[in-house]
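Only one structure is covered here, and it is reproduced in the block below.
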There are 2 protein chains.
Amino acid sequence: MNIGEAARQSGLPAKTIRYYEDIDLVVPRRGGNGYRSYSPTDVHKLQFVQRARGLGFSVQNCRTLLSLYEDENRASADVKAIAEGHLAEIEAKIEELKALRHTLKHLVDNCHGDHRPHCPIIDGLAGPEH
Amino acid sequence: MNIGEAARQSGLPAKTIRYYEDIDLVVPRRGGNGYRSYSPTDVHKLQFVQRARGLGFSVQNCRTLLSLYEDENRASADVKAIAEGHLAEIEAKIEELKALRHTLKHLVDNCHGDHRPHCPIIDGLAGPEH
DNA sequence: TATAAAGGTTCCAGTTACTGGAAGGTCAAG
DNA sequence: CTTGACCTTCCAGTAACTGGAACCTTTATA
């Protein structure tokens with residue numbers, strides 16, 4: 001099938017699918033007219049990548065996961081290790097954002113938000129001494 | 001003062017400070033030798049940006065905040081609006097990441113993580129039907 | 001004074017994961 | 001035969017830096 005149909009079935013933009021070919025993630029055969037020709041297996045891979053990206057896995061991780069997906073002799077431990085690593089990153093990011101939110105909320109809550117220039121947010125950003 | 005000292009005082013890498021000049025965020029004068037010469041005011045601006053970036057504000061927002069920082073006639077409402085917008089983005093991001101974490105944790109918890117190939121994580125990524 | 005280290009300069013390229021757009025080839029329908 | 005949908009490649013841009021090369025200036029030391 002052509003890239004348009006592959007896009008429909010995978011939920012990925014055609015542009016992205018071309019990009020995935022560019023970086024050797026999912027490489028289709030070519031028809032006589034030069035068009036990309038996606039097999040059902042190719043589409044499964046695209047769907048796989050679409051879901052993995054949707055869960056925030058990096059393209060590099062997707063590459064590894066895809067090879068594990070295709071490896072009948074994989075060890076589930078290898079998959080789990082990647083997922084746990086990613087989970088740890090997500091949790092770290094959440095904590096980081098919570099800390100930012102905490103600080104920012106303080107500043108916002110103390111700002112009158114009126115026409116006057118005095119502003120605790122600006123003061124906070126300018127630093128303790130100023 | 002030279003860029004090195006400005007870097008020390010602002011906590012920003014010299015590379016980043018040069019970049020900020022490139023994008024017209026903080027532009028110093030130049031000495032006779034062609035070296036960048038940072039005034040105390042320039043350094044305050046760099047510190048301001050460093051803190052704002054540390055709170056996750058985009059460089060574009062930093063640009064606006066910096067102009068408000070320098071505007072004696074600013075309305076604190078303008079500052080607050082930017083901060084609230086950013087806060088909302090942070091909160092949205094946190095929710096998004098929490099949802100990812102939830103899904104991912106499910107998958108990870110159900111994976112044995114041993115030498116065998118069966119893997120709920122892979123199955124989850126492959127999709128419902130497969 | 002020679003020189004070497006430290007610190008400054010510019011410019012180019014790479015990072016992540018796409019996305020937009022231009023110029024042009026192919027195909028199915030009417 | 002033309003129109004429109006779909007396909008192709010290639011180039012550039014995004015955000016916010018970061019690394020590195022090649023080269024110049026200043027400062028400290030032998």
Side-chain angles (χ1 to χ4, degrees), chain A residues 1-38 42-43 45-46 48-66 85-86 89-90 93 96-97 100, chain B residues 1-39 42-43 45-46 48-66 82 85-86 89-90 93 96-97 100:
Chain A
M1 83 190 60
N2 287 347
I3 197 169
E5 185 57 26
R8 251 160 258 131
Q9 291 191 23
S10 66
L12 290 166
K15 271 275 182 186
T16 300
I17 297 180
R18 286 196 197 96
Y19 170 71
Y20 286 165
E21 177 183 5
D22 224 54
I23 62 170
D24 285 312
L25 192 59
V26 178
V27 180
R29 282 177 305 113
R30 292 291 179 128
N33 51 11
Y35 284 18
R36 289 168 179 81
S37 177
Y38 290 88
D42 289 332
V43 173
K45 291 198 219 174
L46 289 172
F48 183 93
V49 172
Q50 194 269 337
R51 289 204 182 81
R53 292 287 301 129
L55 281 176
F57 285 100
S58 69
V59 168
Q60 242 330 305
N61 272 347
C62 287
R63 198 185 293 280
T64 309
L65 288 169
L66 207 48
H86 181 44
E89 279 172 17
I90 287 174
K93 192 77 191 168
E96 187 191 330
L97 290 176
L100 293 189
Chain B
M1 83 188 63
N2 288 346
I3 197 170
E5 185 57 26
R8 250 161 258 129
Q9 291 191 22
S10 66
L12 290 167
K15 270 274 183 189
T16 300
I17 296 180
R18 286 196 197 96
Y19 171 71
Y20 286 164
E21 177 182 6
D22 224 54
I23 62 172
D24 285 312
L25 192 60
V26 178
V27 180
R29 283 179 304 113
R30 292 292 180 130
N33 51 11
Y35 284 19
R36 290 167 179 83
S37 177
Y38 290 88
S39 69
D42 289 333
V43 173
K45 290 199 220 172
L46 290 173
F48 183 93
V49 173
Q50 193 268 336
R51 289 204 182 82
R53 292 288 299 129
L55 281 177
F57 285 99
S58 70
V59 167
Q60 242 331 304
N61 273 346
C62 287
R63 198 185 294 280
T64 309
L65 289 170
L66 207 47
I82 295 171
H86 181 44
E89 280 172 17
I90 286 173
K93 192 76 192 168
E96 186 191 330
L97 289 177
L100 292 189

Under the 3.5 angstrom rule, does the side chain of [X] hit a backbone N or O of [Y] as a donor-acceptor pair?
| X | Y | answer |
| --- | --- | --- |
| B:N33 | B:Y35 | yes |
| A:R63 | A:I23 | yes |
| B:H86 | B:N61 | no |

> Do A:R18 and A:E21 sit within salt-bridge range, that is, some charged N less than 4.0 Å from a carboxylate O?
Replying inline: no
>> Need the bend value for the helix from C:dT1-D:dA30 to C:dG30-D:dC1: angle between end axes, 5 pairs each end, nearest 10°.
In response: 30°
Return the value, rounded to whole Å, for the distance between atom [atom1] of [X] and atom [atom2] of [N].
| X | N | atom1 | atom2 | value |
| --- | --- | --- | --- | --- |
| A:R30 | C:dG25 | CZ | C1' | 13 Å |
| A:Y35 | C:dG24 | OH | P | 16 Å |
| A:K93 | C:dT16 | NZ | C1' | 14 Å |
| A:N61 | C:dA17 | CG | C1' | 14 Å |
| A:Q50 | C:dC18 | CD | C1' | 14 Å |

>> Run the side chain to side chain contact (heavy atoms under 4.5 Å, CB included) test against B:S37 and tell me which residues pass, sequence neighbours left out.
In response: B:R29
>> What I want to check is whether the side chains of B:S39 and B:D42 have a donor and an acceptor closer together than 3.5 Å.
In response: yes
> So which heavy atom on B:L12 is nearest to which on B:L46, and how close?
Replying inline: CD1-O, 3.6 Å
>> Ignoring hydrogens, what is the shortest heavy-atom contact between A:I3 and A:A14? Give both atom names and the distance.
In response: CD1-O, 3.5 Å
>> Under 4.0 Å, heavy atom to any atom of DNA chain D: which of residues 1-22 of chain A qualify?
In response: A:N2, A:I3, A:G4, A:K15, A:R18
> Can you find a side chain N or O atom of B:N33 that sits less than 4.0 Å from OP1 or OP2 on D:dT26?
Replying inline: yes
>> With a 4.0 Å cutoff (strictly under), does any side-chain N or O of A:R36 reach OP1 or OP2 of C:dT26?
In response: no
